[in-house]
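Following: one structure in structure tokens, then a few remarks.
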Protein chains: 2
Amino acid sequence: MTLHHPAPEELELPAVLHALSDPQRLEIVRCLAEDPSPRRCGTFELTVSKSTLTHHFRVLREAGVIEQRADGTARLNSLRREDLEQRFPGLLDAVLGSVPASA
Amino acid sequence: MTLHHPAPEELELPAVLHALSDPQRLEIVRCLAEDPSPRRCGTFELTVSKSTLTHHFRVLREAGVIEQRADGTARLNSLRREDLEQRFPGLLDAVLGSVPASA
DNA sequence: TCGTTGGTACGACGATCATCGTAGCAAAAG
DNA sequence: CTTTTGCTACGATGATCGTCGTACCAACGA
């Protein structure tokens, strides 16, 4: 089962902003930015259930904010920094600079 | 009836991102940024009803994106550029730079 | 005074959202 | 082979969202 990722030119601003407008997803993105090495879904200390976590990762992926790569039964998540920067210059940095250091 | 505006330090990133995640509101903000002189609600060429327009302006105001000042029966709208810049540096410019010139 | 204008309040509608639990699957570990 | 691990799929639930129409109000112009 291949995961769908929007192409760089398909990224839409409202969708990206909506993806970033949830505190849980903002925290995911913050963690991903803090440590650029791809990270598994389970390694985020979020106080939500596993199904909810899956939901948030899908929203981020379908908006084009993160990339999810299969690795066995796990998923490796990483930020699509370059794609976001090219399409929406400065946006991700502005968001990351405005989010508190630790949730 | 005094309109409620959040104080600069009360602005919350998720709320602002959510306010900006709707195409209609994005268009309002784009127009407001294009021409910095305060503008009345009715002067935006949006294809929605008056009640919907009122709703969108309220969401923007309550998130702290715009300021609404009473002027007779009208409302003068303006962007809260300085407040946004101080709280979320670079965010508004990044958003405005990413939104298409004309919707 | 009487319309007209610019906007709000309220209630409604269907759609989407965030959340969860349960069930399940595929890969890795034993 | 069996168990565990990591995650998804599905369905449900209550909340919020975007949209609208109707009713209304306050200020202005004739």
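Throughout, protein chains are lettered first and strands after them, A, B, ... in sequence-line order, and every chain is numbered starting at 1. What you see below is based on every heavy atom in this structure, not just the backbone, and it leaves out hydrogens, waters and symmetry mates.
In this structure, CZ of R40(A) is placed 6 Å from P of dG6(D), rounded to the nearest angstrom. When the P atom of dC28(D) is taken as reference, atom CG of D71(B) falls 8 Å away, rounded to whole Å. Regarding L26(A), its CG atom lies at a distance of 13 Å from the P atom of dA18(C), rounded to whole Å. Atom CD of Q24(A) and atom C1' of dC20(C) are 13 Å apart (whole Å). Distance, H4(A) NE2 to dA9(D) C1': 19 Å, rounded to whole Å. A straight line from NZ of K50(A) to C1' of dG11(D) spans 18 Å, rounded to a whole angstrom. The CD-C1' distance, from E62(B) to dA9(C), rounds to 14 Å in whole Å. Rounded to an integer number of Å, the gap from CG of D22(A) to C1' of dC17(D) is 15 Å.
Side-chain nitrogen and oxygen atoms of H56(B) include at least one within less than 4.0 Å of the OP1 or OP2 phosphate oxygen of dT19(D). The phosphate of dT5(D) (OP1 or OP2) has no side-chain N or O of T73(A) nearer than 4.0 angstrom. Between R25(B) and dG18(D) there is a side-chain polar atom (N or O) within less than 4.0 angstrom of OP1 or OP2. Between R75(B) and the phosphate of dT8(C), there is a side-chain N or O to OP1/OP2 separation shorter than 4.0 Å.
A donor and an acceptor atom, one from each side chain of S51(A) and T54(A), are nowhere located under 3.5 Å apart.
Nearest to the side-chain atoms of C41(A) among the listed nucleotides dC20(C), dT8(C), dC7(D) stands dC7(D). Taking the side chain of V48(B) as heavy atoms from C-beta on, and the options dG7(C), dC7(D), dT19(D), the nearest nucleotide is dT19(D). With distances taken from any side-chain atom of A74(A) to the nucleotides dG18(D), dG6(D), dT19(C), the minimum falls on dG6(D).
Results of the side chain to side chain contact (heavy atoms under 4.5 Å, CB included) test with L91(A) over L84(A), L96(A), V16(A) single out V16(A) as the only residue that passes. Here the rule is side-chain hydrogen bond (donor to acceptor under 3.5 Å, both in side chains) with E27(A), and of Q24(A), R30(A), R25(A) only R30(A) fits it.
Cation-pi geometry between R39(A) and F44(A) is satisfied (NZ or CZ under 6.0 Å from the ring centre, within 45° of the ring normal).
Comparing S51(B) and H55(A) by the nucleotide of DNA chain C whose heavy atom lies nearest to each, the residue mapping closer to the 5' end is S51(B).
Expressed to the nearest 0.5 Å, how far NE2 of H5(A) lies from CG of L11(A) amounts to 11.0 Å.
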